[in-house]
Chemist: 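Please see the structure below; I have some questions.
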Amino acid sequence: MELKYNNLDRTKAYKKLKKTKPVSLKKVLTSERVKEYVVDAGAGLRYNYAAKAVDDKIIELLSQLAVEQQLVEKYRALLSGDVINTGEKRKVLHHLQRGQLAEDVVHEGVNLREFYVEQHKKAAVFAEKVHNGEIKSQSGKKFDTVVQIGIGGSDLGPRALYYALEQYVMVKKGALPLKAYFISNVDPDDAALVLSQINVDTSLFVLVSKSGTTQETLANAELVSSYLKEKGIAQPKKQMLVVTSKTSPLAKDPDYLESFFIDDFIGGRYSATSPVGGVILSLSLGPDVFSDILDGAHQADRLALESNIRKNAALLDAMIGLYERNVLNYPVTAILPYSQALHRFPAHLQQLDMESNGKSVNRYGEPISYSTGPVIFGEPGTNGQHSFYQLLHQGTDIIPLQFIGFEKSQSGFDMEIDGSSSQEKLNANLAAQIIAFAKGRENNDRNKNFAGERPSSLLTAEQLTPSVLGALLAHYENKVMFQGFAWNINSFDQEGVQLGKILTKTVLSKNPDDKVLDSYAKLLKVY
Ligand SMILES: O=P(O)(O)OC[C@H]1O[C@H](O)[C@H](O)[C@@H](O)[C@@H]1O
């Protein structure tokens with residue numbers, strides 16, 4: 001099928017959506033709807049949209065929009081290796097890291113699925129050798145710690161996934177194969193704190209940079225190397241692994257203990273299921289756990305091919321999000337996991353969503369006249385309830401909410417206090433919030449009045465397991481992708497991060513040609 005890339009405001013369905021009347025949650029949210037408005041999101045994850053301000057008519061128009069913008073067809077084209085990242089003229093192949101859904105993608109004579117599988121296997125074999133003591137530290141000891149040095153996509157996804165499963169693996173395996181730490185910020189206090197907490201003699205370091213040129217990561221690698229030398233480790237690179245692309249300056253250095261490769265077709269924020277996440281997660285949690293994450297992600301990727309919007313959780317979530325952004329004009333979306341293990345997951349989604357869809361030009365570089373990606377933020381519940389929920393309930397803006405919740409805890413550590421377990425209390429809070437936001441409560445005292453009509457969705461599963469986590473990760477990646485297609489933007493480049501990098505260089509050269517920049521640099525004692 002021939003693909004057409006049209007701006008959102010040129011579609012018929014969008015014009016019809018603009019004319020629809022808002023749906024009242026107080027009227028439509030029934031217990032039947034809670035049971036019916038559910039879609040399988042893969043690996044036991046379910047997307048419940050009963051408390052979203054949509055009805056059958058709006059969903060039908062969202063479905064028409066998805067058809068008109070050829071969203072699933074564009075996803076298929078992406079899977080087949082089309083150059084979807086038009087800005088950088090690149091294929092977009094993160095899905096291929098976790099399984100094949102289209103014909104082989106061959107680039108310059110290389111079957112890329114085979115290349116990705118080979119790198120995953122290499123990471124698994126390496127991790128096993130570290131775990132069984134075949135690969136030891138320079139002083140002949142077994143490694144017990146792994147530290148990732150990377151930033152942005154080379155940090156946020158892997159870090160969020162590690163914390164999401166740390167407890168789960170400790171309970172399942174009795175102990176973590178290796179404990180993981182992360183150094184990302186060029187703020188020297190970040191590295192200092194991590195280094196003060198570990199035994200460097202038994203620590204492996206994973207230097208992760210797709211480009212191999214990121215200032216913060218290279219500075220931290222040097223900082224760590226010199227610290228290791230100070231601590232008597234003669235060859236720091238022999239305790240360091242590299243994850244990078246084959247074309248990066250880091251790829252050529254044979255002194256590192258081992259190197260793992262990705263390619264230009266895996267965007268940083270989409271790289272958690274590549275060796276960027278795979279090396280540290282295989283070392284810290286085990287290759288079996290990483291493989292289950294890939295499996296869950298693949299299940300979600302497969303479901304995202306479904307053309308019926310009511311059976312395609314990522315597509316439905318994407319289109320409801322678009323309706324909230326472009327028709328209801330809500331500028332922010334909150335991610336609220338009722339799971340402490342997901343405490344870094346909103347931070348990952350901030351990059352995933354905002355770096356992908358924070359764009360003002362279409363894929364051809366032409367200005368667009370409608371809103372694109374929302375501001376994303378979030379914190380786990382119930383902590384957030386005691387922090388910013390005041391604004392969510394009674395603030396002047398309506399902020400759509402994305403709840404995430406699980407029936408069971410990961411640890412099983414719990415007891416009944418005042419007639420309920422802590423897990424029951426957690427989920428009672430979650431259920432209560434959904435209703436409080438949707439239905440509100442009238443009070444003659446305006447200060448105590450809850451207007452309600454604040455929409456939310458709920459992603460839920462029995463437990464946060466590796467495969468559920470993989471499905472959750474892929475669900476959001478695919479949601480962001482579908483929204484980008486619908487807005488006709490390129491979700492896979494990030495030119496917006498460049499200007500700051502360029503100006504930083506001019507400051508560090510101690511001679512910026514902008515006088516105001518010079519004043520700020522002096523104020524901050526850069527020179
Ligand atoms: O992996 P690297 O090449 O070091 O890149 C790390 C990060 O830095 C860049 O500035 C981009 O904004 C991110 O998308 C990227 O993930």
Side-chain angles (χ1 to χ4, degrees), residues 84-94 97 116 119 123 147-162 182-187 190-191 205-225 240-253 256 259-281 344-345 347-359 373 376 473 476-477 480-481 484 489-505 507-508:
I84 297 293
N85 178 353
T86 42
E88 294 172 314
K89 301 193 176 44
R90 289 175 180 167
K91 302 174 194 297
V92 175
L93 295 180
H94 52 277
Q97 293 278 348
Y116 298 152
Q119 294 300 314
V147 183
Q148 176 128 329
I149 305 170
I151 198 166
S154 296
D155 167 63
L156 290 161
R159 193 194 288 248
L161 298 187
Y162 172 73
F182 298 84
I183 299 173
S184 54
N185 202 330
V186 77
D187 177 348
D190 193 9
F205 294 85
V206 196
L207 176 53
V208 188
S209 178
K210 177 182 154 183
S211 62
T213 59
T214 302
Q215 180 202 53
E216 293 93 326
T217 303
L218 297 181
N220 276 324
E222 286 297 322
L223 209 57
V224 168
S225 287
M240 279 191 185
L241 317 172
V242 171
V243 182
T244 193
S245 58
K246 280 197 167 158
T247 48
S248 111
L250 288 175
K252 306 284 179 298
D253 192 334
Y256 290 108
S259 299
F260 302 88
F261 296 105
I262 60 168
D263 60 27
D264 284 343
F265 308 141
I266 309 297
R269 54 195 173 275
Y270 298 91
S271 66
T273 50
S274 80
V276 166
V279 172
I280 189 155
L281 296 174
R344 289 298 292 174
F345 195 65
H348 168 60
L349 296 189
Q350 284 176 188
Q351 187 201 12
L352 176 70
D353 203 321
M354 294 202 271
E355 203 171 68
S356 296
N357 287 343
K359 310 280 165 72
I376 300 288
L473 177 83
Y476 277 104
E477 290 179 0
V480 166
M481 168 192 73
I489 58 178
N490 174 13
S491 302
F492 303 101
D493 66 358
Q494 57 286 320
E495 291 302 327
V497 304
Q498 293 308 327
L499 179 58
K501 290 184 189 176
I502 294 165
L503 294 184
T504 300
K505 274 194 185 153
V507 172
L508 291 174

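Heavy atoms only: backbone and side chains are in, while hydrogens, waters and symmetry mates are out. Whatever order the structure lists them in is the order used to number ligands and atoms, beginning at 1.
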Chemist: So for ligand 1, is Thr217 a polar contact partner (N or O within less than 3.5 Å, distance only)?
Modeler: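 Checking ligand 1 against Thr217, no N or O pair falls under 3.5 Å apart.
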Chemist: Report the distance from atom OG of Ser491 to atom CG of Leu352, rounding to the nearest 0.5 Å.
Modeler: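 If we round to the nearest 0.5 Å, Ser491:OG and Leu352:CG are 9.5 Å apart.
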Chemist: May I ask which of Glu216, Gln215, Gln494, Glu355 has a heavy atom nearer to atom 12 (O) of ligand 1 than the others do?
Modeler: Glu355
Chemist: Does atom NZ of Lys505 have more than 12 heavy-atom neighbours from other groups under 6.0 Å away?
Modeler: no
Chemist: Show your reasoning for whether side-chain contact (heavy atoms from CB on, under 4.5 Å) applies to Phe492 and Ile84.
Modeler: CA-CA 8 Å; Phe492 303 101; Ile84 297 293; 3.8 Å; yes
Chemist: For the 3.5 Å polar cut-off, considering only N or O atoms, please tell me whether Gly153 and ligand 1 meet it.
Modeler: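 Right, the criterion is met.
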Chemist: Do the side chain of Asn185 and the main chain of Asp190 share a donor and acceptor less than 3.5 angstrom apart?
Modeler: no
Chemist: Quick check on salt bridge (Lys or Arg N to Asp or Glu O under 4.0 Å): which of Arg269, Lys359, Lys89 does Asp493 satisfy it with?
Modeler: Lys359
Chemist: Please verify whether a non-hydrogen atom of Gln351 lies at under 4.0 Å from ligand 1.
Modeler: yes
Chemist: In the protein, which heavy atom is nearest to atom 5 (O) of ligand 1, and how far is it?
Modeler: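 Its nearest protein heavy-atom neighbour is Thr214 OG1, 3.5 Å.
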Chemist: Let me have the donor-acceptor pairs involving side chains of residues 207-214, under 3.5 Å, with sequence neighbours excluded, atom names and distances please.
Modeler:
{"residue": "Ser209", "atom": "OG", "partner": "Gly212", "partner atom": "N", "Å": "2.9"}
{"residue": "Lys210", "atom": "NZ", "partner": "Ile266", "partner atom": "O", "Å": "2.9"}
{"residue": "Ser211", "atom": "OG", "partner": "Thr213", "partner atom": "N", "Å": "3.2"}
{"residue": "Ser211", "atom": "OG", "partner": "Thr213", "partner atom": "OG1", "Å": "3.1"}
{"residue": "Ser211", "atom": "OG", "partner": "Thr214", "partner atom": "OG1", "Å": "3.4"}

Chemist: In the protein, what heavy atom is nearest to atom 9 (C) of ligand 1, and what distance, to one decimal place, separates them?
Modeler: Lys501 NZ, 3.5 Å
Chemist: Do me a favour and list the nearest non-hydrogen protein atom to atom 6 (C) of ligand 1 with residue, atom name and distance?
Modeler: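 Answer, as residue, atom name and distance: Ile151 O, 3.2 Å.
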